[in-house]
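Quick caveat: nothing in here was measured; it's all calculated off a predicted structure. So that the names make sense, note that chain A is the first sequence line, chain B the second, and so on, each numbered from 1. Scope of the values below: all heavy atoms of this structure, side chains included, with no hydrogens, waters or symmetry mates.
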Amino acid sequence: MTVVLYLCAGMLGLAALLLLARMTMGPTMLDRTVALDVLTAVGICALALEAALHRNTTTLPILLVLTLLGFVGSVSIARFSRGSDDIEAEDSES
Amino acid sequence: MSPQRMPRHRTLQWPMLVWLTLVWLMLWRDFTLGNAVSGFLVALGVCLFFPLPPLRMHLRVRPVALVWLLVRFLWDVVVSSLLVAKATLGPTKNLRNAVVEVNLKTPSDFVLTVVAEMICLIPGSLAVEARRSTHTVFFHAFDVRDEAGVEIFRQRVLAQERRVVRAFGTHIAHLEEASS
Amino acid sequence: MNWTTVADVIAAACMLSGATLALIAAIGVLRLPDLLSRMHAATKPQVLGLLLVLTGLGFRLRDPEAIGVLVLVGLFQLFTSPVANHMVGRASFRAGQVDHDRLIVDELSDCLPQMEEPRGAP
């Protein structure tokens with residue numbers, strides 16, 4: 001069990017690094033938002049791994065908070081980032 | 001909302017209250033009577049202070065069709081997860097997508113919402129725009145090569161709609177009318 | 001070979017596949033060429049990968065109170081992730097950031113200018 005969990009943790013760490021690379025490169029704000037969303041999901045997975053490793057239930061509320069935080073974060077960025085992007089942004093609904 | 005405001009007590013809907021109380025109980029992880037009462041009070045407050053227009057859905061749930069809907073949905077999620085994973089790991093140079101317009105056959109906001117939400121949850125498709133007036137949804141489909149793929153995708157969405165309507169049984173007459 | 005061992009094995013399998021899906025999604029977000037394709041790769045860990053990890057955690061903890069919270073996390077994720085994805089996709093489409101060479105069929109751009117009906121909350 002422990003070996004499997006450490007393997008999973010390694011994969012999640014690699015995934016987080018790749019997502020950070022996309023967040024740094026991402027040409028527009030929305031690319032970064034998507035990467036952040038996936039990063040939140042990876043964070044939830046990592047916390048779940050920790051809970052499974054030590055069999056404690058104290059981190060479960062954090063999972064709930066992270067779920068809702070990721071949702072609110074990406075919706076608000078998508079809602080308010082229109083027209084303020086850093087590549088040529090021609091707003092189709094003038 | 002209609003021009004004439006409806007009285008406050010009309011915004012109280014039993015399913016909503018029960019669901020909110022259940023969420024409260026699960027959040028506290030403590031299934032006692034006192035907790036249920038306080039959760040019910042909180043749910044009552046939420047419904048009174050943030051009223052939602054009542055959904056006009058005359059649901060008649062068909063259990064067998066509902067189970068089939070869920071099983072088929074899980075199957076779709078697994079299969080298309082693998083397909084998207086394959087497309088991700090393969091060559092991505094000439095990857096082609098499509099934006100497909102789908103006209104739903106049932107004139108119901110509820111069916112529109114459920115279908116769009118379930119199709120979005122299946123990897124490889126994404127609702128880009130929706131129009132309530134004509135019940136049209138625009139989906140972005142991943143890894144579609146040609147016109148035939150577009151048609152297959154459209155048929156998949158319509159099949160999903162059929163399953164949803166069969167499970168909840170609201171507008172089944174529309175469906176038969178349209179298919180005959 | 002009692003049932004706790006079986007549950008642990010199931011939990012390990014679920015977690016391993018969930019983490020693999022998350023890794024594939026991250027690779028997709030990095031590799032795929034345009035934003036909407038990337039979003040398709042991104043919906044995977046949030047749906048199947050996360051559900052698998054949560055199922056694995058449920059099998060590992062074997063505690064009814066914890067399972068309640070896990071079900072809640074899964075449900076919230078299922079309800080919210082399509083909405084978030086739709087918002088991001090729509091914003092990118094309207095900001096004109098779509099790579100039209102990659103679309104073989106585009107039935108939306110033709111009728112976008114004449115769509116004047118108010119959207120959002122009715």
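Note: Glu117(B) leads Met118(B), Glu117(B), Met26(B) in heavy-atom pairs under 4.5 Å with chain C. Looking only at heavy-atom pairs under 4.5 Å with chain B, the residue among Thr43(C), Ile24(C), Leu72(C) that has the most is Leu72(C). Counting heavy-atom pairs closer than 4.5 Å to chain C, the top residue among Leu121(B), Leu22(B), Val23(B) is Leu121(B).
Taking CZ from Phe138(B) and CZ from Arg90(C), the interatomic distance works out to 13.0 Å, rounded to the nearest 0.5 Å.
Looking at residues two or more places apart in sequence or on another chain, you find a salt bridge (charged side-chain N to carboxylate O under 4.0 Å, His left out) between Arg62(C) and Asp8(C).
Leu51(C) is not listed as a side-chain neighbour of Val77(B), based on a closest heavy-atom distance of 4.5 Å or more.
Applying the salt bridge (Lys or Arg N to Asp or Glu O under 4.0 Å) definition to pairs two or more places apart or across chains, none involves residues 32-52 of chain B.
Of the two parts of Ile67(C), neither the backbone nor the side chain holds a non-hydrogen atom closer than 4.5 Å to a non-hydrogen atom of chain B. Heavy-atom distances place both the backbone and the side chain of Leu27(B) under 4.5 Å from chain C. Contacts of Met39(C) with chain B are made by side-chain atoms alone, with heavy-atom separations under 4.5 Å and no backbone atom involved. For a residue to count as touching a neighbouring chain, one of its non-hydrogen atoms must lie under 4.5 Å from one of that chain's; by this rule Ala116(B) does not touch chain C.
The shortest non-hydrogen separation linking Gly28(C) to Thr88(B) is CA-CG2, 3.2 Å. Looking at every heavy atom in both residues, Gly89(C) comes nearest to Val128(B) through O-CG1, 4.2 Å. Closest of all the heavy-atom pairs between Leu48(C) and Ser81(B) is CD2-OG, 3.5 Å.
By the 6.0 Å contact criterion, CZ on Phe59(C) is open, its count of non-hydrogen atoms from other residues, nucleotides or ligands being 12 or less.
His140(B) and His40(C) have parallel rings, their planes meeting at less than 30° on a 0 to 90° scale where 60° marks the start of perpendicular.
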